[in-house]
Amino acid sequence: MTTRTTRQHWLFGDQLGPHFADHRHHGPDAQAPLIMIEARSVLSRRRFHRAKAHLLLSAMRHRAAELGDRVRYVRARTYREGLAEAAGRDRVTVCHPTSRRALELVGSLGQVDVLPAKGFLVTMADFATWAGEHARGRLRMEDFYRWVRREHELLMEGDEPAGGRWNFDDQNREPPPRGARTLDTRGPWRPDEDEIDDRVRHDLDRWERDGTVSFVGRDGPRHFPATRREALASLRHFVTHRLPCFGPYEDAMLAADPVMCHSRLSAPLNLGLLHPAECVDRAESAWRDGAAPLAGAEGFVRQIAGWREYVWHLYWHFGEDYRGRNALRHTAPLPGWFLELDADAVTARCLATVLAQVRDTGWTHHIPRLMVLGSRALQDGWDPVAVTDWFHRCFVDGYDWVMLPNVVGMSQYADGGLMTTKPYTSGGAYINRMSDLCGPCAYRPGDRTGDRACPYTTGYWSFLHRHRERLAGNHRMAQAVRGLDQLGDLPEVLTRATERGDAAP
């Protein structure tokens, strides 16, 4: 029962782990009654991936079932209406939301006290201090990562990094084994669906029939954890069976093995079912116990304690104006086949394969995202706002704080270099070297012109030409730009780039 000294606490759908309801470390009141709101407006505003909607609702409803009488679970049209039903005019608390829109909402309600953010290793105050000390230069991820390692004593031997190196990235860029269709390792962890999943699927079907919501992609079976127990099982499975081979093939791609040795823990992490500290601690323990190589453990720790933390804090540090950054002035609309995840309309095997993975599961690992999907968008000059929205909607682990820096800064270089030192795009040669996707393709990765010209190779040189003046002054791109002068067929390449189209000829 709510008293004057015990405020109810509101849990958003990405705040589902036990640490969000813990009264310690600036958490809610001890034994505070909890509120969860399933707001239909979240799904009706935009066309999310069906598997993403399923995972979110399944995770929320599972959490409510676990909490039992402690939680009041409200289904409403909007958050505002749901809070009024659950709390009336009583004051409530909430942990700092993960998006600017949600933060603005709770700030407008007048009855909500915002507590510090949870679910990250670095507090906002500590990041602000670190960023202030680096204000005169670039906020480099490598500097941030080393600072986090020292502060949290991750993979350290006294004051020095384990193995004498901060970064083993050069050992984590191996192409897939020649001739292998899959890696020789245990498959990824998979959950068993239950009656809650059945009810979620029934509700989503009904809402689609009613015209209330509309989705892209396919739903089922569920691939990702929806409960704390499932999330811990997935973490244990990865550390035991997949972390040992994660490092070398971190950047590789195989058509028949989309997961390879990746953890797929981004979804439960971003739902709040796992805390990053327990992920990196288990990886470090595996290395210290001799169960995983240092390079692989470091690569995984870098993804969680480095990149994920870095992206979270830059989302808030850069401010809302960052969303509209468009340094390359790209404005082309996303083609219909991309918006609809229509992999069958695409001839290039790499793009068709990755788009089908997104369609079927709402997930691919970071290299297909960056070097296949993002690279195509960058080469074709698609509007970065629309690209960001697409990644947010179509990936099960996609949230505003995740995708805004990753797409605007990393993938589309729309911030002009605030986050990364160069645009990330390539010709077909990179995809051919790092995957088995090019062999059966109708296009040849080395061809720039002609009927078998690889769209990525043609697009790469066209992109460099279009932004030649800007990129010539970039020390990491200057040599590639000078390569334009060696192309005797550049006019033909540019013509081919304008004719290649979006789908099969």
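Note that these values count all heavy atoms, side chains included, but never hydrogens, waters or copies made by symmetry.
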Problem - Six-ring centre of Phe12, Lys118 cation under 6.0 angstrom, axis tolerance 45° - result: no
Exercise for the section: Quick one: pull up OG in Ser263 and NE2 in His365 and give me the separation to the nearest 0.5 Å. Expected result: 11.5 Å
Handout entry: Partners passing salt bridge (Lys or Arg N to Asp or Glu O under 4.0 Å) against Asp219 (at least two apart in sequence or in another chain)
Key = Arg50, Arg201
Practice task
Answer yes or no: does atom CZ of Arg46 have more than 12 heavy-atom neighbours from other residues, nucleotides or ligands under 6.0 Å?
Solution key: yes
Handout entry: Test item: Arg393 side-chain N/O and Thr388 main-chain N/O as donor-acceptor pair under 3.5 Å
Key = no
Exercise for the section: Using a 4.5 Å cut-off on heavy atoms from C-beta on, say whether the side chain of Leu437 contacts that of Leu351. Expected result: no
Exercise for the section: Kindly say whether the aromatic ring centers of His313 and His317 come within a distance under 6.0 Å. Expected result: no
Problem - Check against salt bridge (Lys or Arg N to Asp or Glu O under 4.0 Å), Arg302 and Glu298 - result: CA-CA 6 Å; Arg302 185 167 5 107; Glu298 187 277 318; 2.7 Å; yes
Handout entry: Ion pair check, Arg61 and Asp203, cut-off under 4.0 Å
Key = yes
Exercise for the section: Determine the minimum heavy-atom distance between Asp251 and Met434, stating which atoms define it. Expected result: O-CE, 3.4 Å
Exercise for the section: Check the pair Trp147, Tyr310 against ring pair (Phe, Tyr, Trp, His ring centres under 6.0 Å), reporting the backbone distance first and the verdict last. Expected result: CA-CA 11 Å; Trp147 174 71; Tyr310 181 66; over 10 Å; no
Handout entry: Partner of Pro405 under side chain to side chain contact (heavy atoms under 4.5 Å, CB included), chosen from Thr420, Val311, Asp415
Key = Val311
Exercise for the section: May I ask you to decide whether Arg63 forms a salt bridge with Glu66, counting only side-chain N to carboxylate O separations under 4.0 Å? Expected result: yes
Practice task
For Thr6 and Asp29, run side-chain hydrogen bond (donor to acceptor under 3.5 Å, both in side chains): C-alpha distance rounded to whole Å, both residues' side-chain angles, the deciding distance at 0.1 Å, then the answer.
Solution key: CA-CA 6 Å; Thr6 303; Asp29 296 339; 5.2 Å; no
Exercise for the section: Determine, for Tyr315 and Arg100, whether the Lys NZ or Arg CZ falls below 6.0 Å from the six-membered ring centre while staying within 45 degrees of the axis. Expected result: yes
Practice task
Report the residues that fulfil salt bridge (Lys or Arg N to Asp or Glu O under 4.0 Å) with Arg146, sequence neighbours left out, ordered by chain and then residue number.
Solution key: Glu142
Practice task
Determine whether Arg186 and Phe238 make a side-chain contact, defined as any pair of heavy atoms from C-beta on separated by less than 4.5 Å.
Solution key: no
Exercise for the section: Tell me, with the steps shown, if Arg369 and Asp397 meet salt bridge (Lys or Arg N to Asp or Glu O under 4.0 Å). Expected result: CA-CA 12 Å; Arg369 298 188 198 203; Asp397 55 7; 2.8 Å; yes
Problem - Residue pair Ala345 / Trp337: nearest heavy atoms and the distance that separates them - result: CB-CB, 4.0 Å
Practice task
Could you name each residue pair satisfying salt bridge (Lys or Arg N to Asp or Glu O under 4.0 Å) that touches residues 265-276, not counting sequence neighbours?
Solution key: none
Fill in the blank from the handout: Between Met60 and Leu16 the two heavy atoms that sit nearest each other are N-CD1, 3.9 Å
Practice task
Verify, without hydrogens or angle tests, whether Gln412 (side chain) and Leu378 (backbone) share a donor-acceptor contact under 3.5 angstrom.
Solution key: yes
Completion exercise
In terms of heavy-atom contacts, Ala117 and Trp312 come closest through CB-CZ2, 3.9 Å
Handout entry: Which atom of Thr182 lies closest to which atom of Ala256, heavy atoms considered
Key = CG2-O, 3.9 Å
Handout entry: Stepwise side-chain hydrogen bond (donor to acceptor under 3.5 Å, both in side chains) test for Gln357 and Thr364
Key = CA-CA 6 Å; Gln357 291 168 2; Thr364 63; 5.2 Å; no
Practice task
May I ask you to establish whether Arg264 and Trp189 are in a cation-pi arrangement, using a distance under 6.0 Å from NZ or CZ to the six-membered ring centre and at most 45° from the ring axis?
Solution key: no
Exercise for the section: With rounding to the nearest 0.5 Å, note down the distance linking CG in Leu341 to CH2 in Trp390. Expected result: 6.0 Å
Problem - Aromatic ring proximity His262/His366, centre distance under 6.0 Å - result: yes
Practice task
Could you tell me whether the side chains of Thr93 and His9 share a donor-acceptor contact shorter than 3.5 Å?
Solution key: yes
Practice task
Could you label the plane-to-plane angle of the Phe224 and Trp363 rings as parallel, tilted or perpendicular, counting under 30° as parallel and over 60° as perpendicular?
Solution key: tilted
Problem - Arg149 (side chain) donor-acceptor with Leu155 (main chain) under 3.5 angstrom - result: yes
Problem - Over 12 non-hydrogen atoms of neighbours within 6.0 angstrom of CZ in Arg70 - result: yes
Practice task
Please confirm whether the backbone N or O of Arg222 pairs with a side-chain atom of Glu193, one donor and one acceptor, at under 3.5 Å?
Solution key: yes
Practice task
Report the residue from Val112, Leu83, Leu115 that forms a side chain to side chain contact (heavy atoms under 4.5 Å, CB included) with Val94.
Solution key: Val112
Practice task
Evaluate whether atom CG of Asp210 has more than 12 neighbouring non-hydrogen atoms of other residues, nucleotides or ligands under 6.0 angstrom away.
Solution key: yes
Problem - N/O donor-acceptor pair under 3.5 Å between Glu230 side chain and Ala226 backbone - result: yes
Practice task
Return yes if some donor-acceptor pair links the side-chain N/O of Thr185 with the main-chain N/O of His241 below 3.5 Å, else return no.
Solution key: yes
Handout entry: Main-chain N/O of Val372 paired to Tyr456 side chain as donor or acceptor, under 3.5 Å
Key = yes
Handout entry: Side-chain H-bond candidate by donor/acceptor type, Ser58 with Arg199, under 3.5 Å
Key = no
Practice task
May I have the step-by-step check of side-chain hydrogen bond (donor to acceptor under 3.5 Å, both in side chains) for Thr129 and Asp126, ending in yes or no?
Solution key: CA-CA 5 Å; Thr129 299; Asp126 286 346; 5.2 Å; no
Problem - Donor-acceptor under 3.5 Å (Ser99 side chain, Asp400 main chain) - result: no
Exercise for the section: Assess whether salt bridge (Lys or Arg N to Asp or Glu O under 4.0 Å) is satisfied between Arg7 and Asp113, documenting all intermediate values. Expected result: CA-CA 10 Å; Arg7 297 164 296 178; Asp113 298 320; 2.9 Å; yes
Practice task
For residues Thr78 and Ile37, report the shortest heavy-atom separation together with the two atoms involved.
Solution key: O-CG2, 4.3 Å
Handout entry: Check: Phe144 ring centroid to Trp130 ring centroid under 6.0 Å
Key = yes
Completion exercise
OG (Ser411) and CG (Leu370) are apart, to the nearest 0.5 Å, by 5.5 Å
Problem - Backbone N/O of Asp194 and side chain of Asp197: donor-acceptor pair under 3.5 Å - result: yes
Exercise for the section: Would you check if the side chain of Glu309 reaches a backbone N or O of Leu121 as a donor-acceptor pair within less than 3.5 Å? Expected result: yes
Practice task
Could you tell me whether Trp307 and Tyr145 have their ring centroids closer than 6.0 angstrom?
Solution key: no
Problem - Ring centre gap for Phe215 and His49 strictly below 6.0 Å - result: no
Exercise for the section: Would you mind checking if Arg228 and Glu278 are paired as a salt bridge, meaning a charged N to carboxylate O distance below 4.0 Å? Expected result: yes
Practice task
Kindly check if the number of other-residue, nucleotide or ligand heavy atoms within 6.0 Å of CZ (Arg24) is above 12?
Solution key: no
Handout entry: Cationic N near anionic O, under 4.0 Å, Arg325 to Asp321
Key = no
Handout entry: Sidechain N-carboxylate O distance under 4.0 Å for Glu340, Arg47
Key = yes
Exercise for the section: Check the pair Thr361, Arg218 against side-chain hydrogen bond (donor to acceptor under 3.5 Å, both in side chains), reporting the backbone distance first and the verdict last. Expected result: CA-CA 7 Å; Thr361 69; Arg218 299 173 180 174; over 6 Å; no
